[in-house]
Each structure stands twice: as structure tokens, then as C-alpha cells.
Amino acid sequence: MFSYIFMKILENRPRSYDRMMDRASRGRILSVKQTIAAELVDANHVLDIGCGTGELAAMLAVQGSKVEGFDVNAEMVEVARQRILKKNLANAVSIHQMGVAGMDGFPDSDYDAVVSTLAFSELSDDERHFALKHCRRILKPYGLILIADEVVPQKKLKKILHVTIRIPMLLAAYLVSRTASHPIADLAGEISSAGFSIQKEIRSHGDSFAMVVGRLEMPDTT
Ligand SMILES: C[S@@+](CC[C@H](N)C(=O)[O-])C[C@H]1O[C@@H](n2cnc3c(N)ncnc32)[C@H](O)[C@@H]1O
């Protein structure tokens, strides 16, 4: 959990974000991104929501995907663009500075997969709902959604422990960064309600982190 709180502080320091996150999470966040990338070796076109410094977008591009990423934070976007240039991936990756509210500008049925790591917990309920609705619209039939983020533990005791530890740390992080994340109460449920069939949900970090994979079974006819 310390990683998530620390992450809020690091977001104000995009240039050291990846290095410090890797240290703070003892490599676990990087490993989550590697797991996501491994699920998408065959994906031609991928969207990364809240792409931050572009670490996952670059991984996906290296294995052959065309990737678009977007992030609301201009400094994160700048770091992501520099990474893409440095790795000679400019032909494969485009990074946009925008919030999820801009997702209605993406074309219908155009992506094989949508990914997002640690960004959904920063969105409001309405933003998550909006983002998931557009994920469904922009994915091709049978497209995949892979979201890894902080969640509320399912077990009662872990839930109580989570809240007890989290509140003072969250307050401290807010005082430093002026931002807050909100662990998602039912990530798989929200993805399912948006029209995806849940393929897997992997819980880790004392039940407070989840990677959820959903598949769009039917074309969106709404
Ligand atoms: C903790 S960082 C994670 C970055 C990256 N996905 C990663 O895992 O390294 C969360 C990111 O979500 C972005 N974000 C927060 N709210 C957003 C919104 N409404 N639209 C787009 N990006 C947003 C932040 O700017 C930040 O870069």
C-alpha cells in the first residue's frame, strides 16, 4: 500500500517516477506491466489510459503493437514522449495530452485492447463509467480490456486493516501532492457492467491490488 501513497507524491516528479516507483514497489509495478504486455503479444492496436511516463506503451510497442496513450498531466506526457523518441518508437506510439473526457474523440471499433495501470483509481465514479463506456465502443469485437489498480480488499478483516492504514498515509500524500486516489470497490463488477465478460481477476498485495481482464463478446450496437 505504501507504493500507492508514494506514487501520488511521485506523480509530481515525472522524471523520477519510474525509477522511484520501481524501488518503492520492489519491482512489482513493473512486473504487473510485464504481465499485461505478455497478454497482448498479438494485439495490433492498443490504447493506454492514463499512460503516465509511457513505460507500458513502450513495452507494447517493442513487441509489435501500434499504441496510443493519453494522460492529463502535461509533464508525464512530456516524459513519455521523450522516452518514445529515445527508444526510436515514434512510428509505433502516439502520446496525447488529454483527460478521459476526450475519449469520445476516438473512432469506433478500432482497438484490439485497452490497458490502464494505476490510473482508474484516480478517476471519479463518473469518469470511470464514461471511460468504460467508451472502451466498449472503441474496441473491436472480442477486444480485451486489462486494468490493474488499487482496489478495496474483499475480506472484512483486510478491509478494516486497509482503511486504518490508508487514511493517515493518504492524508500525508494529499498534503504533499494535492491529489488523491480512491481504491475501487468493485473493479471487476464495473468492467462487467460495462458489457465485458470477465476472463480473469488476479488479486495481490494483501488483496488491495487487482488485475482484471475483460473481453468484449458482442459488437456494440447501441
Ligand atoms: C499513478 S499514475 C500511473 C501512470 C502509468 N499508468 C503507470 O502505471 O506508470 C496515474 C496517471 O493517471 C493520470 N490521470 C489521472 N486522472 C486522469 C484523467 N482524468 N485522464 C487521464 N489521465 C489521468 C495521471 O496524470 C497519472 O499520470
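All values reported here derive from a predicted model rather than from experimental measurement.
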Could you report the tightest heavy-atom contact between [X] and [Y], atom names first, then the distance?
X	Y	answer
L132	A194	CB-CB, 3.7 Å
A113	A43	CB-CB, 4.5 Å
A131	F120	CB-CZ, 4.0 Å
Q63	A38	NE2-N, 4.5 Å
L187	V212	CD2-CG2, 3.8 Å
I36	M211	CG1-SD, 3.7 Å

N/O donor-acceptor pair under 3.5 Å between [X] side chain and [Y] backbone:
X	Y	value
S116	I147	no
S193	G189	yes
Q97	F70	no
T53	M76	no
T35	S31	yes
D71	V77	no
D149	A119	yes
R215	Y142	yes

Under 4.5 Å between side-chain heavy atoms, hopping through other hydrophobics if needed: is there a path connecting [X] to [Y]?
X	Y	value
V72	V67	no
L139	I191	yes
I29	V62	yes

Can you tell me how far apart [atom1] ([X]) and [atom2] ([Y]) are? Round to the nearest 0.5 Å.
X	Y	atom1	atom2	answer
Y111	C135	OH	SG	10.5 Å
L123	R128	CG	CZ	7.0 Å
F196	I145	CZ	CD1	4.5 Å
N91	I84	CG	CD1	11.5 Å
K33	M59	NZ	CE	6.5 Å

Positive for salt bridge (charged side-chain N to carboxylate O under 4.0 Å, His left out) with D108, one of K140, R137, R136 | R137

Audit row: E68, H45, side chain to side chain donor-acceptor pair (under 3.5 Å) steps and yes/no | CA-CA 8 Å; E68 279 166 68; H45 196 192; 2.9 Å; yes

Exercise: do Q199 and S197 side chains pair donor with acceptor under 3.5 Å | yes

pair V151-R203: side-chain heavy atoms closer than 4.5 Å | yes

Please examine the side chains of C51 and I95, heavy atoms only from C-beta on, and report whether any two atoms are closer than 4.5 Å.
-> yes

Derivation of the side chain to side chain contact (heavy atoms under 4.5 Å, CB included) call for L144 and V213 | CA-CA 7 Å; L144 291 175; V213 181; 4.3 Å; yes

Step by step, work out the side chain to side chain contact (heavy atoms under 4.5 Å, CB included) result for I202 and F209.
-> CA-CA 8 Å; I202 300 170; F209 191 86; over 6 Å; no

Show your working on side chain to side chain contact (heavy atoms under 4.5 Å, CB included) between R81 and L85 and close with a plain yes or no.
-> CA-CA 6 Å; R81 286 181 177 150; L85 285 177; 5.6 Å; no

Can you tell which of D48, V46, L89 makes a side chain to side chain contact (heavy atoms under 4.5 Å, CB included) with L60?
-> V46

Residues E78, R83: salt bridge by 4.0 Å N-O rule = no

Begin with the C-alpha distance, continue with both residues' side-chain angles, and end with the deciding distance and a verdict on side chain to side chain contact (heavy atoms under 4.5 Å, CB included) for M103 and L47.
-> CA-CA 10 Å; M103 283 182 75; L47 178 70; 4.2 Å; yes

K66, NZ: over 12 other non-hydrogen atoms inside 6.0 angstrom = no

